[in-house]
*Asks:* 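A single structure is presented below for examination.
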Amino acid sequence: MQRSMVKRTHDGTRAIITTVMAVAFGVFIGISLPSLHLPKMNFSSALGHSFDVPIAEIDRFTADLDKAQSISESSGSGTKRIEFLGSMRLPKMYVSTNPPGAESLPAGIVVSESDFYLRRLWGEPSEDLKKKPKYLVTFTVGYLQRNNIDAAVKKFSDEFAILLFHYDGRTTEWDQYEWSRNVIHISARKQTKWWYAKRFLHPDIVSAYEYIFIWDEDLGLEHFNGDKYIKLVEKHGFEISQPGLGANSGFTWEMTKKKDDREVHKYTEERLGRCNDPDLPPCAAFVEIMAPVFSRKAWRCVWHMIQNDLVHGWGLDFALRRCAQPAHEKIGVVDEQWIVHQTIPTLGDQGESDHGKDKYDAVKTRCKSEWAEFQTRLTNADKGYLKGFRRSMRG
């Protein structure tokens, strides 16, 4: 019994000592904590979000956001909330799935695409648009062709947004037409439609539109209807297309000439020796550059192939098949909705004489040289790809 009492005494003493030591250690940590560096916690998610900040800062930021919400609800005015949000200390964010350059933004505020929808300066943004056009039609124009463009624009319903690129600098004169006040006007003197397309029709800007028309100004649309054209394009699954060209269209390839006995066509026969493969241009997988129509998907590819300095677009027609596969099925000509290419040399009229050549010849010479240069660049790019492919195969 005496030994049992001694053991209980020792156990009690040990428990007291342990408790005292624990309390002392806790006091020491509490005193020292302000001088210690708080560890940073890195939180990542499958969505690519990460915070490389102390967890206490995340808690503070969350509390500040809740406070901002309560300020807005209690005051009934957004001014105090805006002032509070503007003065908040922000945590360091990194969202890897955001577009390049926007990784420091929360994903919910990132808007990576846009459109050409015209909006009001008043009212609620959600009430700005009575209708969102599904398709985009662009014409590169000069004022001298105003009557032709007036007739052309009327062939498109309100399902189509209209964008005019002005190469002669004359824009306000178009206000004589009522429709002109509801379209987009972009002006840069003496520039081509492919120059405009590269700079103003980035795929992220026109992503709201299912099809993009990039057309010349000298097209006769008497036998054309935009809505009916779209229905045929969708019916036959074309990613890249153009209307058939009527008999009065001047020189053109056989592939783009209108066929009288069908809705569309994907193949044709050319002069002997022009087509080494019936599935390849110019006997298939081919449209010309005066009136092409691109699906949203195809345009995202084609835009990247347009060269900044090769402004006439010569050579693109033979390369378009790279952006719609299988090309002999996805590229075609719509015969039932056809146009006339009037072949008015308005662009040549914007040129200047050069090295003894008049302005028309100078522009034509530039077109031909650009064609050769584009082919050289495309060939070199193919060689570079194949060289890299072989290197990777060798390990």
Side-chain angles (χ1 to χ4, degrees), residues 113-123 125 127-222 224-230 233 241-243 289-296 299 303 306 313 337 339-342 344 346-347 350:
E113 299 175 341
S114 191
D115 54 64
F116 286 113
Y117 300 148
L118 293 174
R119 294 187 174 274
R120 306 175 300 175
L121 305 183
W122 64 93
E127 299 173 356
D128 284 347
L129 305 174
K130 295 181 180 179
K131 186 180 185 67
K132 290 184 177 181
K134 298 169 62 177
Y135 319 110
L136 177 66
V137 180
T138 73
F139 292 101
T140 302
V141 303
Y143 187 64
L144 294 179
Q145 295 299 315
R146 59 190 179 279
N147 292 331
N148 195 52
I149 293 299
D150 176 47
V153 166
K154 293 173 180 177
K155 294 293 184 174
F156 297 95
S157 70
D158 60 0
E159 294 282 5
F160 298 80
I162 306 294
L163 169 57
L164 299 186
F165 296 126
H166 298 270
Y167 60 72
D168 60 356
R170 302 176 68 178
T171 57
T172 56
E173 292 96 325
W174 289 81
D175 284 347
Q176 66 179 285
Y177 301 110
E178 184 177 353
W179 55 259
S180 177
R181 301 167 191 174
N182 298 315
V183 307
I184 307 293
H185 297 266
I186 298 176
S187 177
R189 292 179 181 272
K190 297 181 181 294
Q191 300 303 319
T192 72
K193 71 175 181 181
W194 299 109
W195 182 91
Y196 283 111
K198 187 64 173 180
R199 286 149 184 84
F200 298 103
L201 300 182
H202 186 280
D204 288 344
I205 297 296
V206 299
S207 63
Y209 308 103
E210 296 177 18
Y211 292 94
I212 300 98
F213 295 59
I214 303 181
W215 282 17
D216 290 353
E217 63 181 334
D218 59 341
L219 303 175
L221 275 62
E222 181 180 354
F224 179 87
N225 177 281
D227 292 300
K228 292 179 179 179
Y229 183 87
I230 292 294
V233 166
S241 64
Q242 75 161 77
I289 60 173
M290 90 281 287
V293 179
F294 303 97
S295 71
R296 182 193 294 122
W299 178 244
W303 183 90
I306 299 171
Q337 295 298 314
I339 62 176
V340 174
H341 188 204
Q342 299 164 345
I344 301 173
T346 53
L347 194 59
Q350 297 296 308

*Asks:* Check for a donor-acceptor pair, side chain of Arg181 on one end and backbone N or O of Asp175 on the other, with a separation under 3.5 Å.
*Replies:* yes
*Asks:* Would you confirm whether Gln176, through its side chain, and Trp174, through its main-chain N or O, come within 3.5 Å as a donor-acceptor pair?
*Replies:* no
*Asks:* Is a donor on one side and an acceptor on the other found under 3.5 Å between the side chain of Asp115 and the backbone of Ala208?
*Replies:*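 Checking the backbone N and O of Ala208 against the side chain of Asp115, no donor-acceptor pair under 3.5 Å is found.
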*Asks:* So if I apply the side-chain hydrogen bond (donor to acceptor under 3.5 Å, both in side chains) rule between Ser180 and each of Arg146, Glu173, His185, which one comes out positive?
*Replies:*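 Answer after filtering Arg146, Glu173, His185: His185.
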*Asks:* Using only atom types and a distance under 3.5 Å, with no angle test, would you say the side chain of Glu217 pairs donor to acceptor with the backbone of Gly142?
*Replies:*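 Present.
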*Asks:* Do Phe116 and Ile205 come within less than 4.5 Å of each other through their side chains, counting heavy atoms only?
*Replies:*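 Yes, side chains in contact.
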*Asks:* Heavy-atom distance under 4.5 Å between the side chains of Gln191 and Phe165, does that happen here?
*Replies:*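 Not touching, per the 4.5 Å side-chain cut-off.
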*Asks:* Rounded to the nearest 0.5 Å, how far does CD1 of Ile344 lie from CG of Leu144?
*Replies:* 10.0 Å
*Asks:* With no hydrogens and no angle check, is any side-chain donor or acceptor of Gln242 less than 3.5 Å from a backbone partner on Ala291?
*Replies:* no
*Asks:* Over 60° means perpendicular and under 30° means parallel, so classify the ring planes of Trp194 and Phe294, tilted if in between.
*Replies:* perpendicular
*Asks:* Would you say the side chain of Thr192 lies within less than 4.5 Å of the side chain of Thr140, judging by non-hydrogen atoms?
*Replies:* no
*Asks:* Is it true that a side-chain atom of Trp179 and a backbone atom of Ile162 form a donor plus acceptor pair closer than 3.5 Å?
*Replies:* no
*Asks:* Taking atom CD of Glu222 as the centre, report whether more than 12 heavy atoms of other residues, nucleotides or ligands fall under 6.0 Å from it.
*Replies:*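 For Glu222, atom CD is not crowded (no more than 12 foreign heavy atoms under 6.0 Å).
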*Asks:* Hey, is Asp150 close enough to Lys154 for a salt bridge, meaning N to O under 4.0 Å?
*Replies:*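 Looking at Asp150 and Lys154, the cut-off is met.
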*Asks:* Indicate whether the side chain of His202 and that of Ser114 have a donor and an acceptor atom separated by less than 3.5 Å.
*Replies:* no
*Asks:* Could you tell me if the side chain of Tyr229 sits less than 4.5 Å from the side chain of Val293, heavy atoms only?
*Replies:*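 Heavy-atom side-chain distance check passes, below 4.5 Å.
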*Asks:* Can you tell if the side chain of Leu129 reaches within under 4.5 Å of the side chain of Arg119, non-hydrogen atoms only?
*Replies:* yes
*Asks:* side-chain contact (heavy atoms from CB on, under 4.5 Å) between Ile230 and Phe160: does it pass, once the steps are laid out?
*Replies:* CA-CA 11 Å; Ile230 292 294; Phe160 298 80; 3.8 Å; yes
*Asks:* Between His341 (side chain only) and Asp216 (backbone N and O only), is there a donor and an acceptor less than 3.5 Å apart?
*Replies:* no
*Asks:* Spell out, as yes or no, whether a donor-acceptor pair under 3.5 Å connects the side chain of Arg296 to the backbone of Tyr211.
*Replies:* no
*Asks:* Distance check, rounded to the nearest 0.5 Å: Trp195 atom CH2 versus Lys190 atom NZ?
*Replies:* 14.0 Å
*Asks:* Can you name the closest pair of heavy atoms from Ser207 and Glu113 and give their distance?
*Replies:* OG-OE1, 3.1 Å
*Asks:* When you compare the side chain of Lys193 with that of Thr138, does any pair of heavy atoms fall below 4.5 Å?
*Replies:* no
*Asks:* Hey, is the main chain of Pro292 close enough, under 3.5 Å, to the side chain of Trp215 for a donor-acceptor pair?
*Replies:* yes
*Asks:* For a 4.5 angstrom cut-off between non-hydrogen side-chain atoms, does Leu201 reach Leu136?
*Replies:*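 The answer is yes; the side chains approach within 4.5 Å.
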*Asks:* Does atom CZ of Arg120 have more than 12 heavy-atom neighbours, drawn from other residues, nucleotides or ligands, at distances under 6.0 Å?
*Replies:*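 More than 12 within 6.0 Å, yes.
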*Asks:* For the pair Phe213 and Phe156, evaluate side-chain contact (heavy atoms from CB on, under 4.5 Å) and give the outcome as yes or no after the intermediate values.
*Replies:* CA-CA 11 Å; Phe213 295 59; Phe156 297 95; 4.0 Å; yes
*Asks:* Can you find a heavy atom in the side chain of Gln342 that is under 4.5 Å from one in the side chain of Asn148?
*Replies:*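 The answer is yes; the side chains approach within 4.5 Å.
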*Asks:* Drop me the distance from Tyr135's OH to Ile212's CD1, to the nearest 0.5 angstrom.
*Replies:*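 Reported to 0.5 Å precision, the distance equals 11.5 Å.
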*Asks:* Can you name the nearest heavy-atom pair linking Trp303 to Ala197, along with the distance?
*Replies:*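 Here Trp303 and Ala197 meet closest at NE1-O, 3.4 Å.
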*Asks:* Evaluate Asn225 against Lys155 for side-chain contact (heavy atoms from CB on, under 4.5 Å), listing each step before the verdict.
*Replies:* CA-CA 5 Å; Asn225 177 281; Lys155 294 293 184 174; 5.9 Å; no
*Asks:* Between atom OH of Tyr117 and atom CD1 of Ile184, what is the distance when rounded to the nearest 0.5 Å?
*Replies:* 11.5 Å
*Asks:* Do you see a donor-acceptor pair shorter than 3.5 Å between the side chains of Asn182 and Tyr177?
*Replies:*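 Absent: no donor and acceptor within the cut-off.
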*Asks:* Can you give me the closest heavy-atom contact between Thr171 and Ser187, atom names plus distance?
*Replies:* CG2-CB, 3.7 Å
*Asks:* Examine distances only and state if a side-chain atom of Lys134 and a backbone atom of Tyr209 form a donor-acceptor pair shorter than 3.5 Å.
*Replies:*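 Looks like no, no N/O pair under 3.5 Å.
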